[in-house]
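Here, residue 1 is the first one in the sequence, and each next residue gets the next number. Just so we're clear, the structure is a prediction, and the values are computed from it rather than from any experiment.
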Amino acid sequence: MLETLFDDSSMRENNYFCQLIGIANASSYNDTLALIHHKLSEPHKGIIFDREIPKPNDRSLIDAILNELTRMRIGAFANEDINLTSSQTLNAKIRQALDPVIALAIQKERFANETIRNNFIAKLMIWCNVYVDELDFSGKEPPKCLFYGSIKKHEFYFLMLLAHIGIDVLYFNPTGDTLIDTLDENNLCQKVILGPTTQQILPLMEHVEKGVVVEKVTTFARKATNELEQTLYNDTGIYKPWQFSDGTTRPIIMDSVIEDTLTYWNEPARLRPGFKTSQKTVYTPIFFSKISGVYNDHNEYFSLVDKLKSANKCVFYETTQLTSVGYGQTRSIQYHNMQGQGIPQNTAQYNQQDLYSLAFCLNPDKTINRTTVKEHVLYKKLLTLRGEIQEFILAKLEEVFSPSNTAFFNFPITDKERLRLMAAIFTAEDSLLNLIDGYDFTADVPKVILYLNSRDTFNTDDAMLLGLLRTIGLDIVILSPNGANNIELVISDKFINQIKLEEFVYDLPLKAPAKKGSFFSKLFR
């Protein structure tokens with residue numbers, strides 16, 4: 001998005017004017033702010049505002065401007081003798097920029113009287129005098145303005161004024177604030193969703209101090225490659241590998257029959273019905289199905305199971321116990337291979353103190369404090385995953401925690417459930433974490449299959465983990481030969497695609513489908 005921010009003016013058409021909402025990856029977000037802050041801190045290169053623009057406090061200057069405004073024609077400042085900087089060229093740009101910005105403000109704000117309107121105009125002019133006069137417009141690249149945090153109306157009008165003058169304006173807001181959307185009716189300010197929003201706005205310098213300044217020069221070959229990729233992959237239905245690695249998923253449950261399952265099981269997400277993308281969000285059609293019963297021909301049923309298990313990215317279980325949470329005060333965590341044979345790998349242990357200390361990683365609004373959680377003892381395994389996938393998992397946890405997910409589970413989600421789910425995914429087996437880490441959202445959909453030959457049920461921890469995997473966008477299929485209630489006890493059946501086969505069978509151990517004998521084997525048996 002900001003690849004050409006520090007390029008020469010001659011190498012790009014327009015100046016930047018954009019709002020960047022949310023945080024996709026905390027590390028890259030910090031690095032970006034650190035780099036911009038470093039560049040703009042050079043003398044005369046830029047302006048930096050941390051959550052506010054200080055109000056003018058020079059009363060004599062305010063009164064002088066207010067006095068002059070009484071003699072001017074509002075809306076026709078381009079023809080007035082207004083000199084707010086030491087540069088006549090820049091003064092002319094400011095005069096021309098004032099007219100459209102003030103016209104928009106008058107339309108939107110409907111000022112109660114001339115005094116309020118003129119005080120607003122005086123504020124814009126003084127801000128120009130204080131901040132713009134110090135900028136150097138003679139360099140090869142435009143001067144820049146960084147505003148970080150939630151913005152007020154008058155502050156946005158000033159940013160718009162700066163953009164009209166020709167300054168690169170970047171507005172970073174971690175929250176989902178929609179103020180600019182209501183004011184910028186002509187969409188002059190480009191909106192970019194970086195990632196999930198957060199309610200907490202840290203001081204700018206906390207991001208800057210955690211970031212690493214990495215200055216890069218983009219080669220002509222790289223720029224040509226980027227332009228080619230924009231042409232090839234932008235709104236064409238063609239997707240490059242990991243195109244949405246810094247994006248997110250929005251799973252869509254497919255209401256399907258068994259034939260659909262077999263048809264689309266091994267198809268990539270982009271070839272499934274209902275697939276689409278919007279900015280950085282991939283709408284992924286997935287299976288969240290329970291297949292109850294078996295075929296009359298058991299070999300045909302075993303063949304079905306074998307086809308499902310043969311998927312490229314698949315973890316198979318013969319148990320309802322998916323987590324290590326809730327099975328004792330201190331528990332050894334066992335990792336299964338793809339066939340669920342219970343081969344111990346990288347065993348780890350934790351206790352109840354570790355579990356409940358995760359409470360310090362939750363903010364009051366039930367979002368996750370990224371800094372605190374990454375320092376927690378239970379998070380150690382996730383530190384080995386890609387940075388963007390860590391942020392993806394944490395954002396998906398917050399989705400499961402949100403009130404909008406209460407209808408999914410048949411039990412209330414309290415802080416106790418939140419902590420236990422965090423512990424469950426942080427200490428999940430390697431094969432399950434590998435599925436998530438290797439998930440390219442437009443390609444093969446990772447799968448979790450459970451073969452339940454008994455009447456075992458799911459506890460709330462395992463149900464929460466399945467809910468998280470579903471929210472992430474994995475295919476989940478539960479095979480229940482006896483058709484007994486299990487998943488329905490913990491997850492609302494409104495969200496489960498139910499498929500029933502020909503008969504219910506009790507105690508049907510899983511085995512490989514029988515191979516048909518050849519003509520000679522039948523002849524000589």
*Determine the interplanar angle of the Trp127 and Phe158 rings, folded into 0 to 90°, and report it as parallel if under 30°, tilted if 30 to 60°, perpendicular if over 60°.*
tilted

*Salt bridge present between Arg420 and Glu417 (N-O < 4.0 angstrom)*: no

*Would you please name every residue forming a side chain to side chain donor-acceptor pair (under 3.5 Å) with Thr406, sequence neighbours left out?*
none

*In terms of heavy-atom contacts, does NZ of Lys374 have more than 12 from other residues, nucleotides or ligands at under 6.0 Å?*
yes

*asked:* Applying side-chain contact (heavy atoms from CB on, under 4.5 Å) to Leu162 and Ile47, what does each step give before you reach the verdict?
replied: CA-CA 10 Å; Leu162 297 181; Ile47 319 166; 4.3 Å; yes

*Close aromatic pair by centroid cut-off 6.0 Å: Phe172 and His207*: no

_Please determine whether the number of non-hydrogen atoms from other residues, nucleotides or ligands lying under 6.0 Å from atom CZ of Arg95 exceeds 12._
yes

*Test log, rule side chain to side chain donor-acceptor pair (under 3.5 Å), inputs Lys396 and Thr249*: CA-CA 9 Å; Lys396 288 299 182 180; Thr249 56; 3.3 Å; yes

_Aromatic plane relationship, Phe120 with Tyr157 - under 30° parallel, 30 to 60° tilted, over 60° perpendicular_ = perpendicular

*Without swapping roles, check the side chain of Tyr148 against the backbone of Glu52 for a donor-acceptor pair under 3.5 Å.*
no

*Any chance NZ of Lys380 has more than 12 other-residue heavy atoms, nucleotides or ligands included, within less than 6.0 Å?*
no

*Do the ring planes of Phe244 and Tyr239 sit parallel (below 30°), tilted (30 to 60°) or perpendicular (above 60°)?*
tilted

*Would Glu206 and Arg370 pass as an ion pair if we require N to O under 4.0 Å?*
no

*asked:* Between Phe288 and Pro251, is there a side-chain heavy-atom distance shorter than 4.5 Å?
replied: no

*Does Arg272 come within less than 4.0 Å of Asp475, counting only side-chain N to carboxylate O?*
yes

*asked:* Taking atom CD as the centre, does Gln107 end up with more than 12 heavy-atom neighbours from other residues, nucleotides or ligands that are less than 6.0 angstrom away?
replied: yes

*Spell out, as yes or no, whether a donor-acceptor pair under 3.5 Å connects the side chain of Asn83 to the backbone of Asn91.*
no

*State whether the side chain of Arg386 and the backbone N or O of Asp437 hold a donor-acceptor pair below 3.5 Å, judged by distance alone.*
yes

*Are the side chains of Ser492 and Asn410 in touch, meaning some heavy atoms are under 4.5 Å apart?*
yes

*Is it true that atom CZ of Phe360 has more than 12 heavy atoms of other residues, nucleotides or ligands lying nearer than 6.0 Å?*
no

*Would you call the rings of Phe441 and Phe392 parallel, tilted or perpendicular if under 30° counts as parallel and over 60° as perpendicular?*
tilted

*If only atom types and distance count, is the side chain of Asp246 paired as donor or acceptor with the main-chain N or O of Leu194 below 3.5 Å?*
no

